[in-house]
Structure formats: structure tokens, C-alpha cells
Amino acid sequence: MIFETERLFLRPRTMDGFDACLAMDRAPGVVDFVQCPWRDPVQHRAFIAARIGQDYGSGLGYWSIFAKAQPDCFLGWVLLIPEDGTGPEIEVGWRLHPDYWEQGIASEAATVIIDHAFSRLELPCIVADIDERNMASRRLAEKLGMTADRVVDGCLRHAMTLEDYQGLRFSAKNPD
């Protein structure tokens, strides 16, 4: 499944993007607030390969983000998968190379995936656990309409229900 926005193409992540994904994770600041095997090169490579190869279910997965102006230039990825790859809740997430931060790309890509989650898949809820120190991702989650409601393993749990989403869509279509 490929998604398109005004500026972006979102294509299912494949092994073709493996090296770009690895390079993005190694860029300064990208994984500062994410717990995983980033410091061990062998485990890092294995983690990315496993995530790329995993079947998350119909309509779920990772999508690589590309600019329409440069369709072969990997900007980052957005995901909609069972939380931590296993569930039961469905999480939305994003990661961009620092060269593309603060340009609205993560917001644009995540909005399309959230629309997909609720409009096509009719999920009852999506979540995003974000390190309390990661202010940029916290602001983005709030901009997307997610609400932080509790701390889970040192991260703020942001959530959006189908009802929240429908309310946001209704208010966007019918401004005061």
C-alpha cells in the first residue's frame, strides 16, 4: 500500500532502504530517546532487518518517506504496527533523518497513517509511547490530536481513539 500527500510518497519499507535506515539511526540526535540496540552494530542491523521483514498484519507496517521532488531520497519512516512489534495495542510512530526535521514532514506522513488507521482499518485506538524528554515528538503527537494520559516504562503514553479522531475530522470540516 502506497500513500501520497501533497509533498510526499510513503512506500512500504523494504530491504532496499536498509542502509539509509541504518545511516539515519546513526545520525546525531535521532535515537537519543529510543531504547533498542543502537550502540551494538550487529544487533542494530539484525533489529532493522527483522522489523523490515516482519508481517504485522493487513494494513499495518512501516512506510519509508520520500519527497515527491526527490523520489529516491529517503527522508525517514512512519509506522503503524502492534506495539513494540507484538501488540496488543497498535502504535503509530515516526523517525526522520535530522536533515528533514522541522519541515512538517513527520506531521504530514503521520497524518496520512492515522487517517488510514481510523478510516480504512477502523481501529478503536492507537498509541505512541514517547520518552518524556523528547519534546519534539511529544509536540507532534499533541499536534496530531493524541493525548498523553499516563507513564508507561518511563514514557508518556499518548493515545487517540476512533471517537477522538472523528471529532477532530468533524471540527476540521466544520470550523466555527
- What are the two closest non-hydrogen atoms of S119 and Y165, and how far apart are they? OG-OH, 3.1 Å
- Task: Before giving the answer on side chain to side chain contact (heavy atoms under 4.5 Å, CB included), spell out for F33 and I130 the whole-Å C-alpha distance, their side-chain angles and the decisive distance to 0.1 Å.
- Result: CA-CA 8 Å; F33 304 112; I130 301 172; over 6 Å; no
- Task: Check whether any side-chain heavy atom of Y62 sits under 4.5 Å from a side-chain heavy atom of I52, and report yes or no.
- Result: no
- Task: Look at K68 together with E4 and state whether they make a salt bridge at an N to O cut-off of under 4.0 Å.
- Result: yes
- Message: Please tell me whether F3 and H116 form a close aromatic pair, meaning their ring centres lie under 6.0 Å apart.
- Response: yes
- Query: What's the spacing between H158 NE2 and T147 OG1 if we round to 0.5 Å?
  - Reply: 8.0 Å
- Task: Determine whether M160 and L168 make a side-chain contact, defined as any pair of heavy atoms from C-beta on separated by less than 4.5 Å.
- Result: yes
- Item | Exercise: identify the closest heavy-atom pair between L121 and A117 | CB-O, 3.3 Å
May I have the list of side-chain donor-acceptor pairs in residues 86-96 shorter than 3.5 Å, sequence neighbours left out?
unit_1	atom_1	unit_2	atom_2	d
E89	OE1	R157	NH1	2.6
E91	OE2	D84	N	2.6
W94	NE1	S137	OG	3.2
R95	NH1	D25	OD1	2.9

- Query: Does R11 make a cation-pi contact with F66, if we ask for NZ or CZ under 6.0 Å from the ring centre and within 45° of the axis?
  - Reply: yes
- Do V127 and E83 have side-chain heavy atoms sitting under 4.5 Å apart? yes
- Close side-chain approach of L79 to R13, heavy-atom, < 4.5 Å: no
- Tell me whether I65 is reachable from W101 by hopping between hydrophobic residues (I, L, V, M, F, W, Y) whose side-chain heavy atoms are closer than 4.5 Å. yes
- Identify whether L156 and M135 are in the same connected component of the hydrophobic contact network (ILVMFWY, side-chain heavy atoms under 4.5 Å). no
- If you measure from CG on N134 to CG on D129, what distance do you get to the nearest 0.5 Å? 12.0 Å
- Query: Can you check side chain to side chain contact (heavy atoms under 4.5 Å, CB included) on R133 and R138, steps first, answer last?
  - Reply: CA-CA 9 Å; R133 300 166 294 166; R138 288 175 54 192; over 6 Å; no
- Task: Give the intermediate values and the outcome of side chain to side chain contact (heavy atoms under 4.5 Å, CB included) for residues C155 and E132.
- Result: CA-CA 6 Å; C155 292; E132 293 179 90; over 6 Å; no
- Closest contact, heavy atoms only, P12 versus I2: CD-CG1, 4.0 Å
- Please report the shortest heavy-atom distance between G76 and M24, naming the atom on each side. CA-SD, 3.7 Å
- Task: Find the distance between CG (D115) and OG1 (T5) and round it off to the nearest 0.5 Å.
- Result: 11.0 Å
- Query: Given the rule that I, L, V, M, F, W and Y join up when any side-chain heavy atoms are under 4.5 Å apart, are W77 and M1 in one cluster?
  - Reply: yes
- State whether the number of non-hydrogen atoms from other residues, nucleotides or ligands found under 6.0 Å of D32 atom CG is greater than 12. yes
- Quick one: are L144 and I114 in side-chain contact, heavy atoms under 4.5 Å? yes
- Worked verdict on D72 versus Q70 for side chain to side chain contact (heavy atoms under 4.5 Å, CB included): CA-CA 6 Å; D72 294 324; Q70 295 179 295; over 6 Å; no
- How far apart are the closest heavy atoms of A27 and H97, and which atoms are they? CB-NE2, 4.0 Å
- Where the side chain of Q43 meets the backbone of R39, is there a donor-acceptor pair that is under 3.5 Å apart? no
- Item | Side chain to side chain, C125 and L162, heavy atoms closer than 4.5 Å | no
- Starting at CZ of R51, measure out to CD1 of I48 and round the result to the nearest 0.5 Å. 10.5 Å
- Item | Check: D164 side chain, T161 main-chain N or O, donor-acceptor pair, under 3.5 Å | yes
- State, with a plain yes or no, whether a side-chain heavy atom of V34 is found less than 4.5 Å away from one of D131. no
- Query: Should F9 and L75 count as side-chain neighbours, where that means a heavy-atom distance under 4.5 Å?
  - Reply: no
- Closest contact, heavy atoms only, A67 versus L8: CA-CD2, 4.2 Å
- Message: Donor-acceptor pair, distance only, cut-off 3.5 Å: does the side chain of W63 make one with the backbone of L80?
- Response: no
